[in-house]
Number of protein chains: 4
Amino acid sequence: MLNLSDTESRILRVACDVFAREGFRNADVQVIADLAGVGKGTVYRHFGNKEQLFLAASKHAVEEVAAHIWKDVIGDADPDDVLANIGTTNMLRKIAASYASYYQRKPGVVELMIQERAEFRQSVFPTHLMHRAEHRGGLERLFQRGMERGELRDFETGPVADAFADMLYGSVVNGCLDGGHQHLPERVACAVEIFINGLACSPIHEE
Amino acid sequence: MLNLSDTESRILRVACDVFAREGFRNADVQVIADLAGVGKGTVYRHFGNKEQLFLAASKHAVEEVAAHIWKDVIGDADPDDVLANIGTTNMLRKIAASYASYYQRKPGVVELMIQERAEFRQSVFPTHLMHRAEHRGGLERLFQRGMERGELRDFETGPVADAFADMLYGSVVNGCLDGGHQHLPERVACAVEIFINGLACSPIHEE
Amino acid sequence: MLNLSDTESRILRVACDVFAREGFRNADVQVIADLAGVGKGTVYRHFGNKEQLFLAASKHAVEEVAAHIWKDVIGDADPDDVLANIGTTNMLRKIAASYASYYQRKPGVVELMIQERAEFRQSVFPTHLMHRAEHRGGLERLFQRGMERGELRDFETGPVADAFADMLYGSVVNGCLDGGHQHLPERVACAVEIFINGLACSPIHEE
Amino acid sequence: MLNLSDTESRILRVACDVFAREGFRNADVQVIADLAGVGKGTVYRHFGNKEQLFLAASKHAVEEVAAHIWKDVIGDADPDDVLANIGTTNMLRKIAASYASYYQRKPGVVELMIQERAEFRQSVFPTHLMHRAEHRGGLERLFQRGMERGELRDFETGPVADAFADMLYGSVVNGCLDGGHQHLPERVACAVEIFINGLACSPIHEE
DNA sequence: CATGAATGAGTTTTCATTCAT
DNA sequence: TATGAATGAAAACTCATTCAT
């Protein structure tokens, strides 16, 4: 996000790869330095310690995801126009599809997310990311609009946003095992479809 | 599952705690041995190495979850009778609720799952567990029945089972951050409700 | 002082040498381990960390000095008998001479004392040591006796003991530079003589 | 002593503080540069390396002590006049008192001396300093005069000067532990008094 | 002259694993 | 079979020194 020097972004790129491949604990800062073509001291000079390096790499990766989705779903258009044109449910489908396709191409970023959750007990991912992706209200706002437009049933937006994010998270984390990332788009699409339309034959919408 | 000596099950119990608290890499086998009241060599004699110890602990914990859910949902009754009595969707609700309540009480087990995914790139959790939990067909079988009974729409059972499991996984993993485990039941219940009934106002079931 | 295992005392002996030769910061624990013929881990297992190792080595050395002086000056006799036989001033001379001869033979111990003062801002040495050496009253007690016996002028014992110890300390520390330790006995003897008899021609004893 | 640029003397002043506080090994040249408000390269340009920087700082501090004592004891007067006026023993008392009061105010300088002794096995202090302080014969010369004037008993001046310096050194080094520097003047005064008048009741001057 | 980014040699410390008792 | 002392490979991190700007 902030201006990164050339050296810093090269280190960060390499760090993402190495941390994704080896995991946080297993990764050797020396290896990162070597692959980035700098001295180990340089890595420490710029990022302080291994932990901060990891966090920076993780943040960096996640911001790229957010930027990618935004570009994919909204592009240069006005978000409201897009929403008006395609409707809330299609918007959700597009977001999910964009998500899935990103991680299909870069499954390493999933490992980064998992490492962060495992080591630091912080999930950089779900809702927060979406928030950023929308640059305002975020997912909750999207659900809010959908309800106002009569496209979605009435729910509290918070829990629904959580549920959506949790589902994506679960799909991506479990879908990226043993090369399963190749089927990520289908896996996510199926989940989203159920999420939107429900599994049961006779919905109790009118309850 | 297999017959564990007294010593072994004590070690395993302690290992679960320590691995959950410290993470796999961070955990010290010496500490586990001390807390279990045995020598370090004894731990290695029984479990070979740290990795196998972790895997055994993880498996142990997950089997307890499965047993708990089975007892909670099925008890001593005949599974088919239970299903006939309460219906497929309520069965799903009960499974999810049981799950949530278990992890609410033992959030450490969630950390174990995450560690396993992070370190060994294996998710011990979702489908597999359900399989075991049902002691036959598992989740897929349940969905199969639901479709046959006309309670669920027609889907391929595999992807639906994945979607359900992914959703639970995501809810639990993200719901157990910063003491959030206290709200796990609500979080899971909301997700399941959406999953069953859908988010959209006008389902396209008939499309 | 406490029972040291064979391994521990070997490590300690080597550590004294290495710390004396290289200084605390400059010493490499690996070198100590190698010279002691044990693995580096063994050193850490027994002494925790470099700092504690140093402190243990320093304490060990100082206790040897104390034991040496005691044996030299008192031997197996009764301290009071010795004092009665030779008088207070000769006792001081003997203590100082024993001190000097010890450090003449083992100038490395002086470096240990200096390192401790420099790194940890604690002077393991002067009064304290004497205290231990006497196994009761210590230096102060000796001065007390001397005054009671009319051999010494009236002073507060505390400051006098400090002055005596400071003088010994200064002589030893400065006398062990550039191989000067060979002249340590003379240097110390001269200082003690002045200390006892004064430098001025017309003492103001009767003031 | 030599002409120092503004930058150099600022660096030196800061270096004294930092070395005194942290010790030689522990001190970080970067910190010195920062506190002096210059780049790290500038420090190296002016002083070559860390060791020379320390030695320069130490020398600087010691020269200040010497200048202080000189001013305190001699002022602008003629040294011989002062000596004639107050006598040798009082001169010694004044030197010691001035010494003590200086270190009482700047105990950091003591640490510098100790560091130098510990790291470089050179004692910048005792005799040498006095030499400089007197700008000729120094301490030895003073004792020489005292003997000629019949104020001091006959001794070899070298050993006596050593003894005096050792005693001051020991008092200052051991007196500056744990805030003990507040009592430095008393500690030193007592030692000097003993040094001058002797501890024993019946001096053997006439032996 | 001044600067401060880059470097990498050098050290401490940890801990899984072994094996003699 | 149980033990726990010994081991040493492995890694994080520091900081004096250099040198291009």
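Every chain is numbered from 1, with letters handed out A, B, ... down the list of sequences.
Taking atom CZ of residue C:Phe54 and atom C1' of nucleotide E:dT12, one finds them 17 Å apart after rounding to whole Å. The CG-P distance, from D:Leu53 to F:dC15, rounds to 15 Å in whole Å. Protein atom CG of A:Asn49 is 17 Å distant from nucleotide atom P of F:dA11, rounded to whole Å. One can place NZ of C:Lys50 at 15 Å from C1' of F:dC13, the figure rounded to the nearest angstrom. The distance from atom CD of A:Glu119 to atom P of F:dA12 is 12 Å, rounded to the nearest whole Å. Distance, D:Ile11 CD1 to E:dT3 C1': 12 Å, rounded to whole Å. To the nearest angstrom, P of E:dA5 lies 10 Å from CD of A:Glu8. In this structure, the CG atom of C:Asn26 is 7 Å from the P atom of E:dT11, given to the nearest Å.
At the phosphate of F:dT1, neither OP1 nor OP2 sits under 4.0 Å from any side-chain N or O atom of B:His46. Taking only side-chain nitrogens and oxygens, D:Thr42 never comes nearer than 4.0 Å to OP1 or OP2 of E:dC1.
Both C:Gly39 and A:Asp28 lie close to DNA chain F; mapped to their nearest nucleotides by heavy-atom distance, the more 5′-ward contact belongs to C:Gly39. Map D:Gln30 and A:Gln30 each onto its nearest nucleotide of DNA chain F; the residue landing nearer the 5' end is A:Gln30. Comparing D:Gly41 and C:Lys40 against DNA chain E, the residue whose closest nucleotide sits nearer the 5' end is D:Gly41.
For B:Lys50, the NZ atom counts as densely surrounded, since its 6.0 Å shell holds more than 12 non-hydrogen atoms of other residues, nucleotides or ligands.
Aromatic ring orientation, B:Tyr169 versus A:Tyr169: parallel (interplanar angle below 30°, classes split at 30° and 60°).
Between the side chains of A:Arg25 and B:Asn26, at least one donor-acceptor pair of N or O atoms lies under 3.5 Å.
Closest to the side chain of A:Tyr44, out of F:dT3, E:dC1, F:dC13, is F:dC13. Picking from E:dA16, F:dC13, F:dA2 the nucleotide with the shortest atom distance to the side chain of B:Arg45 gives F:dA2. Here the nucleotide nearest the side chain of A:Val38, chosen from E:dT3, E:dT7, E:dT13, is E:dT7.
Inter-residue side-chain proximity for A:Gln52 and A:Leu55 is flagged as unmet; no heavy-atom pair is nearer than 4.5 Å.
Rounding to the nearest 0.5 angstrom, the gap separating the CG atom in A:Leu53 from the CD1 atom in A:Ile32 is 5.0 Å.
Remark: E:dA2 base-pairs with F:dT21; criterion is Watson-Crick or G-U wobble with both hydrogen-bond distances under 3.5 Å. In a base pair of the Watson-Crick type (N1 to N3 plus N6-O4 or O6-N4) or a G-U wobble (N1-O2 and O6-N3), with each distance short of 3.5 Å, E:dT14 is matched with F:dA9.
If you check every strand for non-hydrogen atoms under 4.0 Å, D:Ala27 touches sugar and phosphate atoms only.
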